[in-house]
Amino acid sequence: MTPELMIKACSFYTGHLVKTHFCTWRDIARTNENVALAEKMNRAVTCYNFRLQKSVFHHWHSYMEDQKEKLKNTLLRIQQIIYCHKLSIILTKWRNRARLKSKKKEDELILKHELQLKKWKNRLILKRATAEESNFPEQSSSEGSLVDETLRCDISLLPERAILQIFFYLSLKDVIICGQVNHAWMLMTQLNSLWNAIDFSTVKNVIPDKYILSTLQRWRLNVLRLNFHGCLLRPKTFRSVSHCRNLQELNVSDCPTFTDESMRHISEGCPGVLYLNLSNTTITNRTMRLLPRHFHNLQNLSLAYCRGFTDKGLQYLNLGNGCHKLIYLDLSGCTQISVQGFRYIANSCTGITHLTINDMPTLTDNCVKALVEKCSHITSLVFTGAPHISDCTFKALSTCKLRKIRFEGNKRVTDASFKYIDKNYPNLSHIYMADCKGITDSSLRSLSPLRQLTVLNLANCVRIGDMGLRQFLDGPASIRIRELNLSNCVRLSDASVMKLSERCPNLNYLSLRNCDHLTAQGIGYIVNIFSLVSIDLSGTDISNEAFCKSSLILEHLDVSYCSQLSDMIIKALAIYCINLTSLSIAGCPKITDSAMEMLSAKCHYLHILDISGCVLLTDQILEDLQIGCKQLRILKMQYCTNISKKAAQRMSSKVQQQEYNSNDPPRWFGYDREGDPLTELDNVTPSKGASELTVEKSTYSSEEQAA
């Protein structure tokens, strides 16, 4: 064997051996790969099955959770239904009990009313019988017993404080009369504290200057307040005021004889004056020069309708110590003041907090800007009869901390003034914007955030409607509002009254005069406002007395020119509103004597009564009023055709103020002298007549009337 063959043989053998082993290894490797692949497949199947089970379980779990939630909600709903059912049962029982209690209370009031009315009628019968026997018709047995009790009561035995409190309610004329009763009463009227304040305006043209001089001379050290309003006195009398060294308040308004010379004597003798009213006098710049020199502590000054001084006089206010303590200033009607004059006021009276400028057609935005540049403490502002004031004034006043604003009869003030009112004046509590035609619903929406607002007067703002009032009442301002005047806001409807009853729990004064779109149903919502003290519904479509049943504290009611009202409303007032002090039923032709008899029998606190146009009333009601309403002070009986002049003259001695005539009612009343409706009204509406007789009530609030 050759080496070549040997190598060839070895190579063949090695190759065969490798081939054999490789095939064997390949078979083994393939077997292992199949096993691994099978294991992977098994694991994959297992994993897939697990994920499938997990997915199925998740859906099942979600389904079960949803079922549990639905079951829970169902149980909760069932509980709520059960609770609501129980609550409904409780409320139904409570409502039934409340109705029963209310009905019982109402029956008791009606029974009490019937008993009192019966007692009243028996008293009248007894009075008339006694009067016929004794021939003294003005006295009754009850009055006689009252006189006897009065005679047995000697007020001089009361403490001095109680006596003073009694005499403080009397005018100077009445005090003088009381001092002439007897010696004891004269001593009581001479108590020093009683003469701290003397009001000569109540006895003007009645007592002579000589008496005034002697009074001032005697009480010169006690007098703190003097009122000469409207007195026509000699200059010598005014000079005697200088002897009152402790005088703090002086009112000489409407005194035509008061001059600069009178002011000179007073300023030299009374340096402690704090309140000075010079309204409608003939003072000039000489008086203006005296004010800062002598009245260093002057706080209140009224120069209303004084047209004798000029801008130069206002410049004098900065002389000497100046009037730097002045906090109240009234410049009404001083049309001679220019922009420069207001600059002089701003330089000398920087502490003014209350500013009144009425009847000033020459007042412009520039005047206000000049004033508020240095008078940034103004909190109360009154601009009535200033037609040239515009939105620019509101912008200038943003530096002041206003709490009370009043604009009336202005057409240039628009919604722009109220756009940022909650940010510029967050402490506003009183807003009077009567007869401002530029105000719309947008302004009411801007007022809604004012949390301190208590008085809102929007009388004659005819562009205000339900939407604006609703947006205002939805804000926090409605909670504290206690006085709301919406007279002649003709766009308001029943929805507004319903909203008022829901959102104004503290409302005391409400005026809806001449709101033509209100119906009896809407006015019925007033029954839900239990806090009302004064209601004005004159000229509305009220036809029932339902609102009276919840107004147990009602004191003032005006339902004049509601021609559909009958005796039922007077009966309701006599039953539920016995604390009534002011009532107007003018223009109600269906009211009869029987209704007024009930009113006289129950409403003993009545002070003001207007029965003008009640054509069915006779002389009998005057006799009833004299007996039952002894506190009656003001009585209006215009167009009362069945009341005689003789009876009216007798009644005039029992009241302080009386208006009477027996003429036929004007055609705008809508009925004739018999109370029958007219077929033609000559195109004159009752609302116009309402404004003629009671014009003072259309735009002024109860607070302003009290002032």
* Where P665 and T641 come nearest, the two heavy atoms and their spacing -> CD-CG2, 4.3 Å

* Criterion side chain to side chain contact (heavy atoms under 4.5 Å, CB included) on T379 and L402, from CA distance to verdict -> CA-CA 4 Å; T379 59; L402 289 179; 5.7 Å; no

* Structure fact -> In terms of heavy-atom contacts, R633 and V655 come closest through O-CB, 3.5 Å

* Could you check L606, I608, D558 and say which one makes a side chain to side chain contact (heavy atoms under 4.5 Å, CB included) with L583? => L606

* If you measure only the distance, is there a donor-acceptor pair under 3.5 Å linking the side chains of S442 and T440? -> no

* To do: Measure the spacing between CG of L573 and NZ of K602 and express it to the nearest 0.5 Å.
  => 10.5 Å

* Compare all side-chain heavy atoms of L484 with those of C504 and state whether any distance is below 4.5 angstrom. => no

* Structure fact -> Interatomic distance, CG@L507 vs OG1@T454, rounded to 0.5 Å, equals 11.0 Å

* Whether S534 side chain and Y509 backbone form a donor-acceptor pair below 3.5 Å -> no

* Neighbour count above 12 (heavy atom, 6.0 Å) for Q631 CD -> yes

* For D441 and R470, run salt bridge (Lys or Arg N to Asp or Glu O under 4.0 Å): C-alpha distance rounded to whole Å, both residues' side-chain angles, the deciding distance at 0.1 Å, then the answer. => CA-CA 9 Å; D441 291 342; R470 181 182 62 81; over 6 Å; no

* Determine yes or no for a side-chain-to-main-chain donor-acceptor pair under 3.5 angstrom, with N642 supplying the side chain and V615 the backbone. => yes

* **Where C461 and C489 come nearest, the two heavy atoms and their spacing** => O-SG, 3.6 Å

* To do: Specify the closest pair of heavy atoms between G539 and N514, including all atoms of both residues, with the distance to one decimal.
  => CA-OD1, 3.5 Å

* Taking side chain as C-beta onward, heavy atoms only, is L565 less than 4.5 Å from I585? -> no

* Asked: Are more than 12 heavy atoms from other residues, nucleotides or ligands located less than 6.0 Å from atom CZ of R412?
  -> yes

* Asked: Hey, is NZ on K499 packed in by over 12 heavy atoms from elsewhere, all under 6.0 Å?
  -> yes

* Asked: Ignoring hydrogens and geometry, is there a side-chain-to-backbone donor-acceptor pair from S332 to N358 under 3.5 Å?
  -> yes

* Please examine the side chains of T581 and H556, heavy atoms only from C-beta on, and report whether any two atoms are closer than 4.5 Å. => yes

* Asked: Considering only heavy atoms from C-beta outward, does the side chain of M596 approach that of L617 to under 4.5 Å?
  -> yes

* Asked: Take atom NZ in K437; do more than 12 heavy atoms of anything else shown fall under 6.0 Å from it?
  -> yes

* **E483 versus N457, side-chain donor and acceptor atoms under 3.5 Å** => no

* Would a 4.5 Å heavy-atom cut-off, applied to side chains only, mark I464 and F472 as touching? -> no

* Report yes or no: does R503 contribute a side-chain atom to a donor-acceptor pair with the main-chain N or O of L473 at less than 3.5 Å? => yes

* Distance, nearest 0.5 Å, that separates CZ of R513 from OH of Y561 -> 8.0 Å

* Assess whether side chain to side chain contact (heavy atoms under 4.5 Å, CB included) is satisfied between Y660 and M651, documenting all intermediate values. => CA-CA 10 Å; Y660 166 77; M651 189 66 187; over 6 Å; no

* To do: Could you tell me whether the side chain of I553 reaches within less than 4.5 Å of the side chain of V533, counting heavy atoms only?
  => yes

* Check: S501 side chain, N528 main-chain N or O, donor-acceptor pair, under 3.5 Å -> no

* To do: Fit a plane to each ring of F383 and F407, take the angle between them on a 0 to 90° scale, and name the class: parallel (under 30°), tilted (30 to 60°) or perpendicular (over 60°).
  => perpendicular

* Asked: So does H607 have more than 12 non-hydrogen atoms from other groups sitting under 6.0 Å from NE2?
  -> yes

* State the CZ-OG distance between R403 and S380, to the nearest 0.5 angstrom. => 11.0 Å

* Nearest-0.5 Å distance that lies between atom OG in S538 and atom CG in L512 -> 9.5 Å

* To do: Start with the C-alpha distance between Y639 and N663, add both sets of side-chain angles, then the distance that settles side chain to side chain contact (heavy atoms under 4.5 Å, CB included), and finish with yes or no.
  => CA-CA 5 Å; Y639 315 115; N663 300 334; 4.2 Å; yes

* Just by modelled atom types, is the N277 backbone N or O under 3.5 Å from a matching donor or acceptor in the S302 side chain? -> no

* Donor-acceptor under 3.5 Å (E408 side chain, G385 main chain) -> no

* Structure fact -> OG of S487 to CG of D435, rounded to nearest 0.5 Å, is 11.5 Å

* Say whether, by atom type as modelled, one donor and one acceptor occur between the side chain of D610 and the main chain of A586 under 3.5 angstrom. => no

* Close side-chain approach of L678 to F669, heavy-atom, < 4.5 Å -> no

* Structure fact -> Between G613 and C640, the two heavy atoms sitting closest are N-SG, 4.3 Å

* Structure fact -> Correct closest heavy-atom pair for D516 and V490 would be OD2-CG1, 4.2 Å

* Could you tell me whether a side-chain N or O of N410 sits under 3.5 Å from a main-chain N or O of A386, the two making a donor and an acceptor? => yes

* Asked: Could you go step by step and tell me if M467 and L444 meet the side chain to side chain contact (heavy atoms under 4.5 Å, CB included) rule?
  -> CA-CA 9 Å; M467 180 62 68; L444 279 176; over 6 Å; no

* Short side-chain donor-acceptor distance under 3.5 Å, S493 and H517 -> no

* Asked: Do the non-hydrogen side-chain atoms of Y425 and L397 ever get within less than 4.5 Å of each other?
  -> yes

* Is it true that a side-chain atom of D494 and a backbone atom of T519 form a donor plus acceptor pair closer than 3.5 Å? -> yes

